[in-house]
Amino acid sequence: MGNSDAITLEILRRITEVMRENAEELTRLDSAIGDGDHGTNMARGFNAVLPKVEAMAGQPPAALLKTTATTLISTVGGAAGPLYGTAFLRAATALDGKNDIDERDVLAAFDAALEGIKARGKASPGEKTMVDALTPAVDALRAAVEQGLDLPTALDHAAAAARTGMEATIPMLATKGRASYLGERSIGHQDPGATSSYLIVQAIADVVRENSG
Amino acid sequence: MGNSDAITLEILRRITEVMRENAEELTRLDSAIGDGDHGTNMARGFNAVLPKVEAMAGQPPAALLKTTATTLISTVGGAAGPLYGTAFLRAATALDGKNDIDERDVLAAFDAALEGIKARGKASPGEKTMVDALTPAVDALRAAVEQGLDLPTALDHAAAAARTGMEATIPMLATKGRASYLGERSIGHQDPGATSSYLIVQAIADVVRENSG
Amino acid sequence: MKKLINRPEDVVREELEGMAAAHPDLLRVDPELQVIIRKDAPIEGKVGVISGGGSGHEPLHGGFVGMGMLDAACPGAVFTSPVPDQMLEATKAVNGGAGVLHIVKNYTGDVMNFELAAELAQAEGIEVRSVIINDDVAVQDSLYTAGRRGVGGTVLAEKITGALAERKASLDEVEAVCRKVNENVRSMGMALTSCTVPTAGKPTFELGENEMEIGIGIHGEPGRQRLPLASADEITEMLVTPILEDLPFRRGDQVLAFVNGMGGTPLMELYIVFRQLHRILSDRGITIARSLVGDYITSLEMAGVSITLLRLDDQLIDLWDAPVHTPALRWGV
Amino acid sequence: MKKLINRPEDVVREELEGMAAAHPDLLRVDPELQVIIRKDAPIEGKVGVISGGGSGHEPLHGGFVGMGMLDAACPGAVFTSPVPDQMLEATKAVNGGAGVLHIVKNYTGDVMNFELAAELAQAEGIEVRSVIINDDVAVQDSLYTAGRRGVGGTVLAEKITGALAERKASLDEVEAVCRKVNENVRSMGMALTSCTVPTAGKPTFELGENEMEIGIGIHGEPGRQRLPLASADEITEMLVTPILEDLPFRRGDQVLAFVNGMGGTPLMELYIVFRQLHRILSDRGITIARSLVGDYITSLEMAGVSITLLRLDDQLIDLWDAPVHTPALRWGV
Ligand SMILES: Nc1ncnc2c1ncn2[C@@H]1O[C@H](COP(=O)(O)OP(=O)(O)O)[C@@H](O)[C@H]1O
Ligand SMILES: Nc1ncnc2c1ncn2[C@@H]1O[C@H](COP(=O)(O)OP(=O)(O)O)[C@@H](O)[C@H]1O
Ligand SMILES: [Mg+2]
Ligand SMILES: [Mg+2]
Ligand SMILES: [Mg+2]
Ligand SMILES: [Mg+2]
């Protein structure tokens, strides 16, 4: 993928926009089975990220993602801050030294990001967390890449799987995070972190699609 | 009036009943221009009075009224406690030694009661207080007695005047009591103390009427 | 009505039993007569200091009973002045032979009930003085009102007066310092919500989602003015400006700044108000020498705040700093 | 949404500025970085004790900074765990060369953010230990939950741990006493109303006029069970029974009984709850040796109460009684 650094910056702009647009909805989801702060926190975090990465235009993707990571860790707070921060940090490490990012690189980055979230939060699939959107997304991405599909298409598959995974959290019983305090009352509500994860994956897929040939 | 002590006891029973029945309304009035306790306090006071005076059946009116006074002072609290307590105490003093109470005695008792309230609370007519129900009541009672009307009729006049006086508090600006803190916002609301005063006068008139030949 | 209570008519008795159970080291409580007395009262040769008022303002007054503040408190029914029997019992219980001071908030009922009690106590040979607290600037002190209400200044008066009494000062001196506090303190309050008296079962008044009441008292009654909801900074300005103009407070003054929660306002918001209060006073060259922030004189669960400023001098600072040991205020011990 | 605030996004910074203005004798505050530090920190040779968490629980934690309790507190956005930068700054600021203890409430976000900070601090050569507080019995501690929440026990842990640290005890000893508190404390809470996060603009959940939530936490989230409103006595029983059964507390035990207001409940009602708590414990032969009644760990303006019982021994009593000087807790000085 040519111009990876520009696309990375575009991705971060899009994620910021999407977090702003969906802050109220994410907070609403986090009110039903949480403490009503997820949307506010994600928007605050990416609002802090944006000017920093704008000032780094032209730097490699890994640098932008690392700054994203440290900024999220320093501004988001809650459960989402360390989890997304770790995700972006691991993705940055996976892309270190790379300037032209191909689909295998993207897969490596996604893999590392998800592994980071699981290592930090210790959640498995089925516990009603962001892991439930990201695991199917990564699996779909891997399958598509191994089938030789191009990056935009592979990411479309990932986003679709993330959406399905997000929706699949609705009937789940939460066994991680704040929602787990509600026990069975967590059933019937979509997980906020899975929702923000889906939105992030979709934003990535959209930007890559828009920038493809 | 024969059997004054029995009638006095009947009056106190009736007042107690009326205070219970109207507690909510008095509290409602005291919520609009006060602190929402007048009805509760008056009911509590007379609920304490009743068993005490029941146990004094056969004793002279002055004794029953004195016990009423001290009990009200000891149980009602707020502005109404000392004011009504003083009123009943002064009435008791005016009836001291009397067993057969006639209309002149009743007028003397009412006079003393109102004077007691004015001495204790220092309110004049027109300040949106119980004085605004009791002053016309006493004036009407005096006029009727001087005209030679019988006691039941005189008390009917007093009760009617008390009612008119109570209603006349509606457009008044409060310059005494808690309602005065509201300034012009006190206008348009009927005074709770004037209302309980009217109810008391009406109860007295009703019992005397029911017990007349 | 949503409250953590049992029967509405039992709230005061039960609260008193709870206070007795929670503070056996500080208080003795008579839940029938409804008096809260400092455990080591009476203290020989010390002026007894008592106060009282309707319940619903906790911790005022019962939470201020103890060393260095009140010797006794008399709680009435919710928002209802206590009865003379209570103050007579309290007066006798705290009488150390040096006289007793009654600190009375300026409400018609409080004043009359305390007056009756003072008469009864005097008749029993106890010298009683009374000081009426009337620090609320929201009400005009004129022939056309029942006078200014006693509000936040009462807390400061009880502390400072109790401190001087603790030092075995004379009744004249103790009365004088109480009057001095009253003369130098001003307050004003506002509400975002009303409150619900348990026996009434519903709020005393209703405020819309975008409305606030300025110039409220502590009994849940409406205030002087209903306005659209404003920001914390604007509200702080609305409260402190009339306070400053009334005394008046002047450049160079030292004050005790007391930001009080009405019961239902989070502590976070009280500090947000304090911030702007500090800025306004700073701009006017007025120094905050002491502060008090929290719920000290409340109106059940009312959301709102009151501001109280006391102009200080060395004596008042010394007495404010003096040791105190009560359920709600404690330092130096 | 009716609050005494300015812009919702500024509440934490403004509250910190207010605290700095109100308590210049006790605290230094960095409103940008958002750390509250004891004015005389660092103290040479003393273990530094820090905590932190989302704002909205005031006075926890910032109101507990000062002698004998916390050396620093890190407030996050409302109900949001603070970020590692804050804890790193706080850790460095309180480092007296004897190590630093982090007291961490058991929430996924708090634990992760404190972990990251501890890693960064260790990398800078500061020895950091962490104790997680998880006293809430409303949640099962199992593989199927994020574990028990840290609630009222946190206040007691901070006081007792801070007292031992004040005596210049070693990091091992300070960590051990913090764990000891955690092992001997249990809590449970309930709510009559939810609360409104300023940036959310509306209540986190809605309760009907006749409903209550049992087993709530301190972040406004729904609890384990929604039930019809019950009396204060019944509610007290519902809260204390699982507490007693969980440790379990036994006949002959001495406890610290802590009845905590969630922010919007009048003090009167807390004492009504304490009354019944005392009766229940009395019936079971459990002695209340110490009490704490008031709003110490809140959830904004939530109406509700939590009960915390700490099983005491001589050491814990001694450390509870030790002097403390913070905005929200003060005795012995
Ligand atoms: N252990 C965990 N592993 C993965 N994701 C988690 C974990 N705990 C919580 N989450 C995610 O975090 C989301 C909540 O984020 P947020 O509201 O920002 O945190 P908090 O619960 O601290 O307020 C949840 O919806 C869930 O997806
Ligand atoms: N100075 C006064 N003189 C006469 N009546 C008064 C005076 N002050 C108050 N009242 C009466 O008392 C009534 C209020 O009684 P209540 O609610 O029991 O007292 P409080 O205001 O102490 O709660 C008023 O409606 C008024 O009629
Ligand atoms: Mg959340
Ligand atoms: Mg009233
Ligand atoms: Mg009253
Ligand atoms: Mg949170």
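Side-chain atoms are counted along with the backbone in the values below, which use heavy atoms only and exclude waters and symmetry mates. A quick note: this is a predicted structure, and the numbers were derived from the prediction, not measured. Quick note on labels: first sequence line is chain A, next is B, and so on, each numbered from 1.
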**Q** Sort by residue number and list every residue of residues 73-87 of chain A having at least one heavy atom under 4.5 Å from chain D.
**A** A:Ile73, A:Ser74, A:Thr75, A:Val76, A:Gly77, A:Gly78, A:Ala79, A:Pro82, A:Leu83
**Q** Name the member of D:Val197, D:Leu143, D:Asn113, D:Asp136 that forms the most heavy-atom pairs with chain A at distances under 4.5 Å.
**A** D:Asn113
**Q** Counting only heavy atoms not in A:Lys66, do more than 12 sit closer than 6.0 Å to its NZ atom?
**A** no
**Q** Please state whether the side chain, the backbone, both or neither of D:Gln225 comes within less than 4.5 Å of a heavy atom of chain A.
**A** backbone
**Q** In Å, rounded to the nearest 0.5 Å, how long is the span from CG of A:Asp35 to SG of D:Cys195?
**A** 9.0 Å
**Q** Checking an interface table here. Which of residues 52-61 of chain A come within a heavy-atom distance under 4.5 Å of chain D?
**A** none
**Q** Taking heavy atoms only and a threshold strictly under 4.5 Å, list by residue number the residues of residues 191-206 of chain A that touch chain D; give 'none' if the list is empty.
**A** none
**Q** Specify which of D:Pro203, D:Ala138, D:Gly109 makes the most heavy-atom pairs with chain A at under 4.5 Å.
**A** D:Gly109
**Q** Working to the nearest 0.5 angstrom, can you tell me the gap between D:Gln140 CD and A:Ser180 OG?
**A** 11.5 Å
**Q** Side chain, backbone, both or neither: which part of D:Asp85 has an atom under 4.5 Å from a heavy atom of chain A?
**A** side chain
**Q** Heavy-atom pairs under 4.5 Å with chain D - which of A:Leu173, A:Ile33, A:Asn41, A:Thr27 has more of them than the others?
**A** A:Asn41
**Q** Once you round to the nearest 0.5 Å, how far does NE2 of D:His219 lie from CZ of A:Arg178?
**A** 4.5 Å
**Q** Does atom CD of A:Glu24 have more than 12 heavy-atom neighbours from other groups under 6.0 Å away?
**A** no
**Q** Can you run down the side-chain hydrogen bond (donor to acceptor under 3.5 Å, both in side chains) pairs that involve residues 192-205 of chain D, sequence neighbours left out, and say none if there aren't any?
**A** A:Thr40-D:Thr199
**Q** In terms of heavy-atom proximity below 4.5 Å to chain A, should D:Tyr144 be classed as side chain, backbone, both, or neither?
**A** both
**Q** Less than 4.5 Å to any heavy atom of chain A: does that hold for the side chain of D:Val78, its backbone, both, or neither?
**A** backbone
**Q** Which atoms of D:Arg226 come close to chain A, meaning under 4.5 Å heavy atom to heavy atom: side chain ones, backbone ones, both, or neither?
**A** both
**Q** Highest number of heavy-atom pairs under 4.5 Å with chain A: which of D:Thr108, D:Val139, D:Thr145?
**A** D:Thr145
**Q** Does any part of the side chain of D:Leu116, heavy atoms only, come nearer than 4.5 Å to the side chain of A:Arg120, both counted from C-beta?
**A** yes
**Q** Which bit of A:Arg44 is near chain D, if near means a heavy-atom gap under 4.5 Å: side chain, backbone, both or neither?
**A** side chain
**Q** On a heavy-atom basis, which atom in D:Pro222 and which in A:Gly34 lie closest, and how many Å separate them?
**A** CD-O, 4.2 Å
**Q** Pick one of side chain, backbone, both or neither for A:Ala174, based on which atoms fall under 4.5 Å of a heavy atom in chain D.
**A** backbone
**Q** Kindly compute the distance separating CG (A:Leu182) from CD (D:Glu213), expressed to the nearest 0.5 Å.
**A** 8.0 Å
**Q** What heavy-atom pair brings D:Gly223 and A:Arg185 nearest, and what distance separates the two atoms?
**A** O-NH1, 2.7 Å
